[in-house]
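Following: one structure in structure tokens, then a few remarks.
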Amino acid sequence: MENRRTVLVTGSSRGIGRQIALAFAEAGYNVVINYNKSEDSANKLVNEIKDHGVDSLAIKADVSSFTESQKLVEDAINHFKKIDVLINNSGITKDNMILRMKEEDFDSVIDVNLKGTWNMCRHLSGHFLKNREGKIINITSVVGLVGNPGQSNYVASKAGVIGLTKSLAKELGSRGITVNAVAPGFIETEMTKELSSEIQDAYLKQIPLKRFGTTNDVADLCVFLASSKADYITGQTISVNGGMV
Ligand code: NAP
């Protein structure tokens with residue numbers, strides 16, 4: 001178990017993050033699960049991951065907090081000694097048209113999606129620099145590339161994540177660290193279940209592959225980007241959207 005690589009996936013109690021965690025376990029990685037509220041699902045997932053013969057640990061932390069995300073990184077390093085891959089997946093939506101959007105709905109979405117991603121990169125980059133290796137994968141969104149009405153807060157956060165990715169790729173590249181973003185399209189999770197059937201149908205019409213994405217579609221790309229086969233890819237935003245954009 002000692003020579004295994006270790007991945008830390010934020011927001012991996014549910015949805016896309018959960019599938020990313022499972023895909024890395026299947027690929028032989030030890031997995032640090034992070035959750036904020038969903039403790040039971042996180043603990044269940046740890047057991048499911050251990051069934052793959054790898055080690056796993058669930059750590060509660062609100063990634064939007066500078067100190068909680070720092071503790072998450074410290075606890076993960078204390079347990080596994082070395083972290084090889086960071087996946088910044090935690091994300092929330094608080095949709096509304098701009099005239100109805102509350103200030104706190106703007107702030108909380110930026111805090112979790114953008115500042116949370118920055119917090120994690122800030123706290124883990126020292127470890128990666130010391131090791132002279134590391135892979136950072138930030139989960140953004142198709143709407144961060146093209147915009148979306150009713151999501152000015154979310155889109156700003158996801159476009160911010162793309163800028164953060166490009167800057168850190170330039171900053172950390174000389175030390176063997178790659179930083180990429182993955183931009184999913186419409187993926188079937190609790191986040192998208194909240195949308196009305198009319199909105200879901202409208203999205204489906206825009207997808208040339210004529211189906212919504214699965215969490216596996218995103219997870220498989222993350223495993224590839226974390227592998228040595230992707231060593232020469234950095235600063236990129238790679239879409240998984242069925243041809244939607
Ligand atoms: P989801 O099912 O709603 O899951 C969100 C995850 O984020 C949960 O594990 C949640 O953990 C965690 N989280 C929320 N706030 C957190 C915080 N403050 N600190 C730590 N973790 C927190 O969402 P999803 O659909 O899987 O989305 C995952 C990522 O993909 C997000 O970044 C989202 O923006 C992006 N994305 C999704 C789609 C899509 O179609 N679903 C498309 C494009 C991009 P707790 O339950 O423990 O709070």
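Order of appearance sets the numbers: ligands from 1, and atoms from 1 within every ligand.
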Hits for ring pair (Phe, Tyr, Trp, His ring centres under 6.0 Å) against F106, two or more places apart or cross-chain, chain-then-number order -> none
Here the gap from K50 atom NZ to S56 atom OG, rounded to the nearest 0.5 Å, amounts to 7.0 Å
For E171, the salt bridge (charged side-chain N to carboxylate O under 4.0 Å, His left out) test, sequence neighbours excluded, returns none
Report each N/O pair between ligand 1 and the protein that falls under 3.5 Å, naming both atoms.
unit_1	atom_1	unit_2	atom_2	d
ligand 1	3 (O)	R14	NH1	3.4
ligand 1	9 (O)	G11	O	3.0
ligand 1	9 (O)	S13	OG	2.8
ligand 1	11 (O)	S13	OG	3.2
ligand 1	18 (N)	D62	OD1	2.8
ligand 1	19 (N)	V63	N	3.0
ligand 1	21 (N)	S90	OG	2.9
ligand 1	25 (O)	T189	OG1	2.5
ligand 1	26 (O)	I16	N	2.8
ligand 1	32 (O)	N89	O	2.8
ligand 1	32 (O)	K158	NZ	2.9
ligand 1	34 (O)	Y154	OH	2.5
ligand 1	34 (O)	K158	NZ	3.1
ligand 1	40 (O)	G185	O	3.4
ligand 1	40 (O)	I187	N	2.7
ligand 1	40 (O)	I187	O	3.1
ligand 1	41 (N)	I187	O	3.3
ligand 1	41 (N)	T189	OG1	3.0
ligand 1	46 (O)	R14	NE	2.8
ligand 1	46 (O)	R14	NH2	3.1
ligand 1	46 (O)	S38	OG	2.5
ligand 1	47 (O)	S13	OG	3.3
ligand 1	47 (O)	N36	N	2.8
ligand 1	47 (O)	K37	N	2.7
ligand 1	47 (O)	S38	N	2.8
ligand 1	47 (O)	S38	OG	3.4
ligand 1	48 (O)	K37	N	3.2

What side-chain donor-acceptor pairs closer than 3.5 Å can you find for residues 142-153, not counting sequence neighbours?
unit_1	atom_1	unit_2	atom_2	d
N148	ND2	Q151	OE1	2.9
N148	ND2	Y203	OH	3.0
Q151	NE2	D95	OD1	3.3
Q151	NE2	D95	OD2	3.2
N153	ND2	K94	O	2.9
N153	ND2	D105	O	3.1

### Message
Donor-acceptor pair, distance only, cut-off 3.5 Å: does the side chain of K166 make one with the backbone of G235?
### Response
no
Query - Exceeds 12 heavy-atom contacts within 6.0 angstrom, atom NZ of K205 - result: no
